[in-house]
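What follows is a set of notes on a single structure, which appears directly below.
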Amino acid sequence: MSAPRAPKGTYDLLPDEAARRDAIVATAARLFAAYGYRHMVTPEFEETGLFERGVGEATDIVRKEMYTFLDKGERSLTLRPEGTAPICRAYVEHGMHKLPQPLKVWYYCPMFRYEKPQAGRYREHYQIGAEAIGSADPAVDAEVIALLAAIFAELGVEGVTLNMNSMGDSTCRPAYVETLRGYLRGREGELCGDCLERVDINPLRTFDCKVESCRAVLDEAPRIVEHLCSECREHFDTVLALVERAGLEPHLDFRLVRGLDYYTRTTFEFISDRLGAQSGVGGGGRYDGLIAQIGGASTPGVGWGSGLERIALAMRDQPLPSVAPDAYVVSFSAEARAAAFDIAQQLRGAGLAAELDLAGRSPKGQLKQAGRSGARLAVLLGLDELGAGRVRVRTMDGGGEEDLAAAGLAALLAARLGKES
RNA sequence: GUGGGGGUAGCUCAGCUGGUAGAGCUCCGGGUUGUGGUCCCGGCGGUCGCGGGUUCGAAUCCCGUCCUUCACCCCA
């Protein structure tokens, strides 16, 4: 019987890493607010049918990656594998079309996919994401892209490039898919086994293939951007123009065919050269058919998701946020320990961060802890001081000490540290 | 799901042509019977991922398994 470990593909965020994570999310939250996106939370699991219908039966996510289970009431539930379908479900369920449109929201939560773990890929991973629902205006596409770019810039995510494509819509895509399928059938002899299957199931996915011969075939294949209907063409051109106005350099990528069935028109992806094979650091697109697909009124939407683990990997090293207390209370005798506890409480009550020894250390050990903790002040308590109602307050980096009354100490130190409440 | 690399102290690793374990850092204590960060000394700490096999003897060789890592696939 070996000791329990975190399940395969999951990880613990220890305090230092959690502090960095919190800082990332706080920065993102600030930018979400600047762009007018409001925080929203949905359940960790949903009815399985939501993802089957929303994400698409033919996708890898639905076919082999979902954590699906029956609860005690025989309901088929699935741990959320992606963020967009749940937001759209909530939009429909709560009649959010009655709010000013587009509805602009963001989320921060774990996603669950049964995949083989590797660098930047986990079975439980966290995403921040944004969704703007209720407007087909190309300015919305550009806004969400600019928002994600701003977050990366603010965080210092390095080596980032933006790839974009258009998937067309229900008017032009079906015809294009048939054109592509016909072309591929004409060159079947040059395709790998996977691609031969894709020709039947979803010819668009052949663009993902890394096999040399397939790539050669696809390089010469008809491209969807050249087969867009006039509405999609105009939409895409406007999005590109606005994205450029935002100071970004979109690279057209005819291979960018995202693996979720709900995408229409704009798709985009930010990749970073700091990530190895799992190079995508954030991506998304427009999903004008999704809400109707899951049973709502036909409603356009656009959004993206970005993986926190990959953001952290691609960020330049950040200094750890300081966790130094304002004061460390040191007791020089067993009798002073209770008084040290009281003083720490008094300081905390005044809004100061205060620590004291909780491990029965010697006075020297406590001072050593005080030094390591980075505390600005040490409050020293001994028998002599206790009897006189005094404490000695040492400035840690200078070493100077002064004798102060224990009563009113918290207010005095708070004022001195500029932390009056 | 397929294929390559790796799993030794809390962390980073050495030891691996078989003879039952080491270093640095961390942590705790001492050097000052009441005063930190440097320095010196000492100490705590490991069923060598797990299971099986070969052998007089396995951290070391073989098999299986789990985890991890890199790539494929897919995506964040």
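Below, chain A is the first sequence line, B the second, and so on; all start at residue 1.
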Start with the C-alpha distance between A:R113 and A:D60, add both sets of side-chain angles, then the distance that settles salt bridge (Lys or Arg N to Asp or Glu O under 4.0 Å), and finish with yes or no. CA-CA 10 Å; A:R113 296 181 198 170; A:D60 278 9; over 6 Å; no
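When the C1' atom is used for both B:C11 and B:G57, the distance is 33 Å, rounded to whole Å. Here the separation of B:C61 from B:U17, taken at their C1' atoms, is 11 Å to the nearest Å.
Summarising the base pairing, B:U60 is matched to no nucleotide, lacking a Watson-Crick or G-U wobble pair whose two defining distances lie under 3.5 Å. As the counterpart of B:G42, B:C28 is assigned, both hydrogen-bonding distances of the Watson-Crick or G-U wobble pattern falling under 3.5 Å. Remark: B:A71 base-pairs with B:U2; criterion is Watson-Crick or G-U wobble with both hydrogen-bond distances under 3.5 Å.
Counting non-hydrogen atoms under 4.0 angstrom, A:G120 reaches a base of the nucleic acid. Counting non-hydrogen atoms under 4.0 angstrom, A:A119 reaches the backbone sugars and phosphates but no base.
Evaluation of atom-type donor-acceptor distances gives no pair under 3.5 Å for the side chain of A:R5 against the base of B:C66. For A:E385 and B:G34, a side-chain-to-base donor-acceptor distance below 3.5 Å is present, hydrogens and geometry of angles not being considered.
Summary of the strand contacts: A:R123 and A:A6 both lie near RNA chain B, and taking for each the nucleotide with the nearest heavy atom, the more 5' one is attributed to A:A6.
A sub-4.0 Å separation between OP1 or OP2 of B:G30 and a side-chain N or O of A:R361 is absent. Considering only side-chain N and O atoms, A:S362 lies under 4.0 angstrom from the phosphate OP1 or OP2 of B:G30.
Under the 3.5 Å distance criterion, with hydrogens and angles disregarded, a donor-acceptor pair is assigned to the side chains of A:H235 and A:D141. Side-chain N/O atoms of A:T68 and A:T78 include a donor and acceptor closer than 3.5 Å.
Side-chain proximity of A:Q278 to B:U2, B:C74, B:U35: nearest is B:C74.
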